[in-house]
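Here's the structure we're looking at; comments come further down.
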Number of protein chains: 4
Amino acid sequence: MASRSGQPAASRRRLEAEERKGEILDAAFEEFSLRGYAGARLEDVAVRAGVAKGLPHFYFKRKSDLFCAVLRRIIIPTWTDLAESATASDAPTREVLSSTLREMYRRLAANKKAQEVMRLLIAEGPRFPELVELYYHEVLKRKIAIWTQIVKRGIQRGEFRETPLVKHAQIIHGPVFMAAIWQALWGKNHGLDLDAWIESHLDLVLHGLERKGGRTKR
Amino acid sequence: MASRSGQPAASRRRLEAEERKGEILDAAFEEFSLRGYAGARLEDVAVRAGVAKGLPHFYFKRKSDLFCAVLRRIIIPTWTDLAESATASDAPTREVLSSTLREMYRRLAANKKAQEVMRLLIAEGPRFPELVELYYHEVLKRKIAIWTQIVKRGIQRGEFRETPLVKHAQIIHGPVFMAAIWQALWGKNHGLDLDAWIESHLDLVLHGLERKGGRTKR
Amino acid sequence: MASRSGQPAASRRRLEAEERKGEILDAAFEEFSLRGYAGARLEDVAVRAGVAKGLPHFYFKRKSDLFCAVLRRIIIPTWTDLAESATASDAPTREVLSSTLREMYRRLAANKKAQEVMRLLIAEGPRFPELVELYYHEVLKRKIAIWTQIVKRGIQRGEFRETPLVKHAQIIHGPVFMAAIWQALWGKNHGLDLDAWIESHLDLVLHGLERKGGRTKR
Amino acid sequence: MASRSGQPAASRRRLEAEERKGEILDAAFEEFSLRGYAGARLEDVAVRAGVAKGLPHFYFKRKSDLFCAVLRRIIIPTWTDLAESATASDAPTREVLSSTLREMYRRLAANKKAQEVMRLLIAEGPRFPELVELYYHEVLKRKIAIWTQIVKRGIQRGEFRETPLVKHAQIIHGPVFMAAIWQALWGKNHGLDLDAWIESHLDLVLHGLERKGGRTKR
DNA sequence: TATGAATGAGGTTTCATTCAT
DNA sequence: AATGAATGAAACCTCATTCAT
């Protein structure tokens, strides 16, 4: 703990408090995920975090505040680094699209935590509109931008055909989302062969976007 | 009421009881949809159904039984008539696919009730595994069968190219599912232009499946 | 059914009604004995009696009425025939006492139903004072009279010594009562050897009452 | 409160908590005694103890736990000190027996609380077998041992005659038990003259046990 | 008489929240 | 900062009782 004792006491204490808060948020996520918002008990959160029953209320005045903080903390770092400029490289667009799609699957359909966030959001969204808005601005808008950008790039470079899809490029994302929910609900009894699924998805999308016949002409 | 008075009294009463049960199920669906499983109060269900507080318990021993009955009643009649033999006609497969997809959107993405069932299932699935299984057997399996059948038909008739998608034909369904959840959560503030969305989706899928080069007709 | 159809219809119906009532009382006794007054459910009584839920209320306006009727019906015929004049014979008093005591054991300590009545009375007595009074007048007073009579007879005939027991002759009954409760509570795990118990009891009482030294005279 | 302030705060708080628990147990005993197990309301217990409705549940997860704790707390200290070695002295056995019997009456037949414990045990025993067993091991076995010991001592010292009673010495206890229940149920309207009762009982037992003929000493 | 659907008071239990320490 | 006893609103559930048929 040399690094700690080297800091001024107040700052160190604040750091420890921040850690404690993080432990409570972690524990709360587990409980909410396991039992849903209403079903989760604050006492269980405290026990799981290894603190006394009253402490969660010290950091988060209400249960609803805790819930929002939990989701907020996971949503933002998970998705804000979505590179909207995958187009920076000079690679063929089909490859940009492929790698982007694989990354999406990796983050959502193959990530239990992200699935649980989605589940909680879908479940409690109507009672937590600010979280729904948050997700829209932090995640959905970014995803739409990415897919739109990729499709446009393909068209501009003559790699993809003209298509109304530029207006709703997030349609490409649909199967990713479906796979994520599928895994969360039916993964245990009727799990997906995710790799094969991804290849099929790519096969459909790339054939659906590519310019027909005129490969040579252009 | 002529039809009623023609029946023996006991039978008529049983009929009325069945109606009452239905009203309770309707009311319960509204409450569960509004507040989630744990948040819904049985007394509110009773009030909404216009019956006394104790009656829901008379028909359904536990809250969980009521919840299951509610979902079961909606899931089964909504989806069991999924025509798996859309292939009966002699129409071009692209048209079969188009009309099937539009029907899917009509039933799910444009149907508030179906969206709420999905939301409740996603939210409470982990606590009601039997409902999850029910949905799998009554809905998912049927949808997979339909999409697989259509894709195969297209390939067999030389209209679609060979594609790994036959193994995961439900990928086609992904955007339908995403649109449904989208409408349920963001419909109010960031509603979709569903018609344009559908056309884009069809555009992608049909191009993604059609046979290249062999377009002599066109 | 010849005997029945030979009666006027109204009377026959009343008889059937009386039988039904009896079946309800029997069923109610079982339930009260099994679960106590508050714990017994009227619906279970109805089911056990093979009638509809509402019928017990037709015969007995309140649950408490049913309870009283149940106990009353058992207490009275079980104990009212207590022969207070076992003294009619000319047998030695020690034999009168012996046979009376044995009869008491037979009726109480060896009779599950009588034990249950006692248990219910002890349990609910404070809330049903009229039953407690009934038991006093129908049972206790009679028993006191019997024991007093026997002891007095023994003294008068010079068989028993003078003893203050004539004032509280029911003391003789104490071990009978204790054996009954013992059987009801501990009979299953720590059952009594009732025959040996009775002999010991008789041994104590007869020696306790007999005239000392003067054995020879008689 | 000097003794308290001398302790660390946490320990003092724990001590107070223990007191509060005791107050709840006291209040619960009153309510159970007054209304029976099922009839007692936890809220009334709380009011009687002067605490909030939820506190009894904080200390005792279920009503049944509270009930068991109540009885356990009374049974054990009331009876575990039963001196099984009343034989230590050199007094004549008839005096040992007399004083022991009087003590039994004092503790049971003249003690309202002990009577209520017996009543509750008899009433609810079938639903709380562990309490019944507890009573057997903590009380009955001890009482049997005491009476057996006394009778044996009398025989060994030539004061009592040989008698089968050594096998069921608790028969001596019967009238004590009967008197206790009598007082609990009929004490109000038909109360016993307990002192006279005790003398009669002693008179019967001592004459019943004493050696015949050998009265020379006296 | 007899049925069983319907009522609603009332109980146990849970648990977010408060607060003295 | 942290603890955990204490509070009390509210929910589920039970069941005696009523009543239309």
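Below, chains carry the letters A, B, ... as their sequence lines are ordered, and counting in each starts from 1. Excluded from the calculations below are hydrogen atoms, water molecules and symmetry mates; all remaining heavy atoms, backbone and side chain alike, are included.
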Worksheet item: At under 4.0 Å between heavy atoms, what does A:Tyr59 touch on the DNA or RNA strands: base, sugar-phosphate, or nothing?
Response: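 If one applies the 4.0 Å heavy-atom cut-off, A:Tyr59 turns out to touch the sugar-phosphate alone, with no base involved.
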Could you give the [atom1]-to-[atom2] distance, from [X] to [N], as a whole number of Å?
X       : N      : atom1 : atom2 : value
B:Glu18 : E:dG4  : CD    : P     : 15 Å
D:Leu55 : F:dG4  : CG    : P     : 16 Å
A:Ile24 : F:dA1  : CD1   : P     : 12 Å
C:His57 : F:dA16 : NE2   : P     : 7 Å
D:Phe60 : E:dT12 : CZ    : P     : 15 Å
C:Asp65 : F:dT17 : CG    : P     : 9 Å
B:Leu66 : F:dC12 : CG    : C1'   : 12 Å
B:Glu19 : E:dA6  : CD    : P     : 11 Å

Worksheet item: Of all residues at least two apart in sequence or in a different chain, which pass the salt bridge (charged side-chain N to carboxylate O under 4.0 Å, His left out) check with C:Glu43?
Response: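 C:Glu43 satisfies salt bridge (charged side-chain N to carboxylate O under 4.0 Å, His left out) with C:Arg41 once adjacent residues are dropped.
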Item to complete: Check whether any side-chain N or O of D:Lys53 sits under 4.0 Å from OP1 or OP2 of F:dG8, and answer yes or no.
Response: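 No, because none of the side-chain N or O atoms of D:Lys53 sits under 4.0 Å from OP1 or OP2 of F:dG8.
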Worksheet entry | Under 4.0 angstrom between D:Arg20 side-chain N/O and F:dA5 OP1 or OP2 |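 D:Arg20 to F:dA5 OP1/OP2: no side-chain N or O under 4.0 Å.
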Discussion item. Would you say that A:Leu34 contacts B:Arg127 through its side chain, given a criterion of any heavy-atom pair below 4.5 Å between the two side chains?
Written reply: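 Counting from C-beta outward, A:Leu34 and B:Arg127 never come under 4.5 Å.
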Fill in: Secondary-structure stems for DNA chain E, with pairs counted as Watson-Crick or G-U when both distances are under 3.5 Å and runs at least 3 long
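The stems are E:2-21 with F:2-21.
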Worksheet entry | Sequence-distant partners of D:Phe32, ring-ring contact (aromatic ring centres under 6.0 Å, His included), two or more places apart |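 Listed in chain order: D:Tyr37, D:Phe67.
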Worksheet entry | Charged N-O contact under 4.0 Å between D:Arg119 and D:Glu116 |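 Counted as a salt bridge, because a side-chain N and a carboxylate O are separated by less than 4.0 Å.
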Worksheet item: Does the pair B:Asp26/B:Arg73 count as a salt bridge with the N-to-O cut at 4.0 Å?
Response: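 A salt bridge is present here (some side-chain N lies under 4.0 Å from a carboxylate O).
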Fill in: Under the side chain to side chain contact (heavy atoms under 4.5 Å, CB included) test, residues paired with D:Tyr59 that sit two or more places apart
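For D:Tyr59, the residues satisfying side chain to side chain contact (heavy atoms under 4.5 Å, CB included) (neighbours in sequence not counted) are D:Ala17, D:Arg20, D:Lys21, D:Ile24, D:Leu55.
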Item to complete: Supply the atom-to-atom distance D:Leu25 CG to D:Arg72 CZ, rounded to the nearest 0.5 angstrom.
Response: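 So the CG of D:Leu25 and the CZ of D:Arg72 are separated by 11.5 Å.
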Fill in: Candidates E:dT17, E:dT13, F:dA2 - which lies nearest the side chain of D:Lys63
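The listed nucleotide nearest to D:Lys63's side chain is E:dT13.
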Worksheet item: Counting side-chain heavy atoms from CB outward, which of E:dA2, E:dA5, F:dC13 is closest to B:Arg62?
Response: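 The answer is F:dC13, which lies nearest to the side chain.
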Worksheet item: When you match B:Phe58 and D:Gly54 each to their closest nucleotide on DNA chain E, which lands nearer the 5' end?
Response: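 Its nearest nucleotide lies further toward 5', so the answer is B:Phe58.
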Item to complete: Pull out every residue in residues 34-52 of chain C that has a heavy atom closer than 4.0 Å to any atom of DNA chain F, ordered by number, or say none.
Response: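 Hits under 4.0 Å, by residue number: C:Ala40, C:Arg41, C:Leu42.
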Worksheet item: Counting only N and O atoms by type, is there a donor-acceptor contact under 3.5 Å from the side chain of D:Lys63 to the main-chain atoms of D:His57?
Response: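 Not a single qualifying donor-acceptor pair exists.
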Worksheet entry | Under the side-chain hydrogen bond (donor to acceptor under 3.5 Å, both in side chains) test, residues paired with C:Arg62 that sit two or more places apart |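 Applying side-chain hydrogen bond (donor to acceptor under 3.5 Å, both in side chains) to C:Arg62 gives none.
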